[in-house]
Amino acid sequence: MRPALLLSLVGVVTALPTIDNVSRASISKADGTKFNIDGVTKYYAGTNSYWIGFLTNDNDVDTIMSHLQTAGHKILRVWGFNDVKQTPGSGTVYFQYFSGSTATINTGANGLQRLDAVVKSAEKNGIKLIINFVNNWTDFGGMAAYFSACGVNSNAQWYQAAKCQAMYQNYVKAVVSRYRTSTAVFAWELANEPRCNGCQTSVLTNWIKKTSDYIRSLDSDHMITTGDEGFGLAGDGSYPYQFGEGIDWAANLALPNISFGTFHFYPSGWGVTNSFGSGWITAHAKVCQQLKKPCLFEEYGVTNAADHCPVESDWQKSSVAAKDSGMAGDLFWQLGDTIKSTGQQTHNDGHTIYYGSSDWKCLVDNHVKQIG
Ligand SMILES: *[C@@H]1O[C@H](CO)[C@@H](O)[C@H](O)[C@H]1NC(C)=O
Ligand SMILES: *[C@@H]1O[C@H](CO)[C@@H](O)[C@H](O)[C@H]1NC(C)=O
Ligand SMILES: *[C@@H]1O[C@H](CO)[C@@H](O)[C@H](O)[C@H]1NC(C)=O
C-alpha cells in the first residue's frame with residue numbers, strides 16, 4: 001500500500017464520533033461572560049466530588065446525582081484521573097497504571113467504566129460535569145505517578161518533556177473519545193491546580209496552549225478550561241496575586257481554545273483572611289469581563305466547621321453580586337452524602353458539606369433560591 005493511502009486510512013480509523021445537530025444545541029457553552037446550560041443563560045451553582053468516579057455501585061452514583069438534581073445544582077466537578085504505580089486489589093478503582101516505561105489505561109469494570117457510570121447518571125439527572133485529566137498533587141497519583149515512566153523528576157519537567165506529554169495526551173484522548181458526544185460534559189479540564197513553582201510563566205502558558213489546542217482538535221463542541229487556582233494577576237501584591245506559582249492568569253485565559261477561567265480560594269492555606277475573598281472574586285471577574293469569557297469560582301472552603309455557613313455564604317453573595325460583571329458560577333469544595341449501599345458517609349476533609357445538613361440548607365438551598 002502506498003504511504004499516502006495508509007495515512008488516510010489511519011485517519012479514518014482514529015476519527016472520533018461526531019455529534020448530531022440536535023445534541024449540539026444542548027451542549028453547555030459560554031454566552032458572553034455567562035454559561036448557557038440546556039438553552040438557559042444565567043448564573044449557575046454546583047459543587048465538587050473528587051470521589052464519585054471511584055464508587056463501585058451504579059445505584060449509589062444515581063442516588064447522589066438525584067440529590068444534586070433535587071437541590072437545583074447544575075455543575076459537578078469530578079476527577080477524571082486515578083493514576084497508580086501499583087495495581088490495587090480487583091475491587092479498587094484506578095484509571096491508569098504506570099510500569100517501567102509504559103502507561104496502561106484501565107478500561108475495565110474497575111477502570112474507566114466507573115467514569116462511564118458517572119456520565120450516564122449525569123445525563124439522566126441533568127447534571128453537567130467538569131472532567132479533569134491529571135493532578136498537580138500526589139492524591140490519586142498525579143503528575144508524579146508519570147515521573148519514572150517518562151523519565152522526569154518534577155512537575156516543571158513533566159510539562160515540557162515530550163514523552164510525559166505523549167502519555168498524558170494519550171490519556172486525554174482515551175477519556176475525550178468515550179464522552180465526545182455526551183451532553184453531560186460541561187467542560188474538559190487540563191489538570192487539578194497546575195502549578196510550576198519558580199518557573200517562567202511561559203512554561204504553563206505554552207503547556208495550556210498546546211493541551212487546549214490538542215483537546216480542541218479532538219472535540220470541536222465542549223468547553224475547555226485549565227483548572228488552576230487563579231494565581232498571578234493584578235491585585236494587592238499578596239501571595240495569591242503573585243506570579244511565583246508559574247501562573248499568569250490573564251495570559252492563560254486569553255488563549256483561544258480556553259473557554260472560561262477558573263479560580264479557587266482557601267484563605268487558611270494561603271495566609272490571607274476570610275474577608276480577602278470578596279476582592280479576590282472581583283479581581284478575577286474584572287479580567288473575565290475584559291476578555292469576554294466567563295469566570296467560574298471553582299473551589300472554595302474554610303476548615304472551621306462553624307465558619308462554613310457564614311463565611312462561605314458571604315463569598316457566594318459576592319460572586320452572585322458580580323453576575324453581570326464577569327462571574328458565571330461557583331462550586332464549593334466539597335460534596336458530602338451518605339453512600340446508600342454501605343450506609344457510610346463520604347470523606348470528611350473538614351470542608352465537606354453533607355446533603356440535608358444545616359450547612360447544606362445554607363450553602364445550597366438558600367444559595368440556589370438567591371440565584372433564582
Ligand atoms: C448541521 O449544522 C450545520 C452547521 O450549522 C449545517 O451545515 C448542517 O446542514 C446541519 N445538518 C443537518 C443534518 O441539519
Ligand atoms: C504542585 O506544584 C507545585 C509547583 O510546582 C509544587 O511545589 C508541588 O510540590 C506540586 N505538588 C506535587 C505533589 O508535586
Ligand atoms: C484551537 O485548536 C485548533 C485545533 O487544534 C487549532 O486548529 C486552532 O488553531 C486553535 N485556535 C486558535 C485560534 O489558535
Side-chain angles (χ1 to χ4, degrees), residues 5 7-44 46 52-53 58 61-62 64-66 68-69 72-81 95 105 107 109 111-133 169-190 211-227 255-260 262 292-294 296 328-329 331:
L5 185 55
L7 277 177
S8 71
L9 277 177
V10 168
V12 169
V13 171
T14 59
L16 300 187
T18 52
I19 261 178
D20 64 62
N21 287 0
V22 176
S23 310
R24 180 169 289 123
S26 50
I27 294 273
S28 303
K29 47 185 145 327
D31 180 358
T33 57
K34 291 197 173 72
F35 293 125
N36 180 291
I37 298 182
D38 292 329
V40 180
T41 297
K42 64 178 194 91
Y43 186 97
Y44 283 99
I52 199 165
D58 290 4
V61 174
D62 273 343
I64 292 163
M65 286 284 182
S66 73
L68 295 178
Q69 186 191 38
H73 262 186
K74 265 295 175 193
I75 308 173
L76 181 68
R77 178 167 173 261
V78 305
W79 278 191
F81 58 82
F95 296 160
I105 297 170
T107 57
L112 287 172
Q113 290 177 31
R114 299 315 311 148
L115 200 55
D116 295 353
V118 171
V119 172
K120 203 168 140 202
S121 183
E123 284 169 353
K124 201 156 67 183
N125 288 288
I127 304 298
K128 309 298 176 181
L129 303 169
I130 298 178
I131 298 179
N132 58 23
F133 300 120
Q169 290 196 350
N170 191 47
Y171 185 73
V172 167
K173 185 172 184 178
V175 175
V176 171
S177 313
R178 279 178 111 78
Y179 318 120
R180 167 70 184 91
T181 61
S182 177
T183 56
V185 174
F186 184 76
W188 305 118
E189 182 165 284
L190 275 47
T211 309
S212 58
D213 286 358
Y214 176 65
I215 299 170
R216 186 54 77 225
S217 76
L218 301 172
D219 179 346
S220 50
D221 295 298
H222 292 105
M223 292 189 284
I224 302 169
T225 193
T226 305
L255 293 169
N257 283 317
I258 289 295
S259 314
F260 61 90
T262 59
K292 300 186 174 60
K293 292 184 183 183
L296 180 63
L331 320 179

Measuring from atom [atom1] of [X] to atom [atom2] of [Y], what distance do you get when rounded to the nearest 0.5 angstrom?
X	Y	atom1	atom2	answer
Lys74	Leu68	NZ	CG	10.5 Å
Ile215	Phe133	CD1	CZ	4.5 Å
Thr181	Arg24	OG1	CZ	11.0 Å
Asp31	Thr41	CG	OG1	3.5 Å
Asp213	Leu218	CG	CG	11.0 Å
Leu129	Glu189	CG	CD	12.0 Å

Got a sec, which residues hit side chain to side chain donor-acceptor pair (under 3.5 Å) with Arg178, two or more places apart in sequence or on another chain?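 Arg178 satisfies side chain to side chain donor-acceptor pair (under 3.5 Å) with Asp116 only.
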For the student: nearest non-hydrogen atoms of [X] and [Y], plus distance:
X	Y	result
Pro294	Gly32	CD-O, 3.5 Å
Ser212	Ile224	O-CD1, 3.6 Å
Ser26	Thr183	OG-CG2, 3.5 Å
Arg114	Val61	NH2-CG2, 4.3 Å

For [X], check side chain to side chain contact (heavy atoms under 4.5 Å, CB included) against everything at least two apart and list the hits.
X	value
Ser182	Val119, Glu123, Tyr179, Ala184, Val185
Asn125	Asp62, Met65, Ser66, Gln69, Ser121, Ile127
Ser220	Arg180

With sequence neighbours left out, write down each residue that passes salt bridge (Lys or Arg N to Asp or Glu O under 4.0 Å) with Lys120, or none if nothing qualifies.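 Partners of Lys120 under the salt bridge (Lys or Arg N to Asp or Glu O under 4.0 Å) test: none.
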Under the ring pair (Phe, Tyr, Trp, His ring centres under 6.0 Å) test, which residues partner Phe260, sequence neighbours left out?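 Ring pair (Phe, Tyr, Trp, His ring centres under 6.0 Å) list for Phe260, sorted by chain: Phe35, Phe186.
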Given Leu331, which of Leu76, Thr262, Ile75 fulfils the side chain to side chain contact (heavy atoms under 4.5 Å, CB included) condition?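 One option only clears the test, and that one is Ile75.
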Test item: [X] side-chain N/O and [Y] main-chain N/O as donor-acceptor pair under 3.5 Å:
X	Y	answer
Asn132	Gly80	yes
Asp20	Ser23	yes
Lys29	Ile27	yes
Lys293	Ala30	no

As a quick check of understanding, evaluate side chain to side chain contact (heavy atoms under 4.5 Å, CB included) for Asp38 and Lys128, giving each step before the final call. CA-CA 10 Å; Asp38 292 329; Lys128 309 298 176 181; 3.2 Å; yes
Using side chain to side chain contact (heavy atoms under 4.5 Å, CB included), reason through Ile131 and Trp188 one step at a time and then give a plain yes or no. CA-CA 5 Å; Ile131 298 179; Trp188 305 118; 4.1 Å; yes
Step by step, work out the side chain to side chain contact (heavy atoms under 4.5 Å, CB included) result for Phe95 and Trp79. CA-CA 10 Å; Phe95 296 160; Trp79 278 191; over 6 Å; no
Go through the steps for Thr225 and Leu296 under the test side chain to side chain contact (heavy atoms under 4.5 Å, CB included), then give the verdict. CA-CA 10 Å; Thr225 193; Leu296 180 63; over 6 Å; no
Determine, for Arg216 against Asp221, whether the closest basic-nitrogen to carboxylate-oxygen distance falls under 4.0 angstrom. no
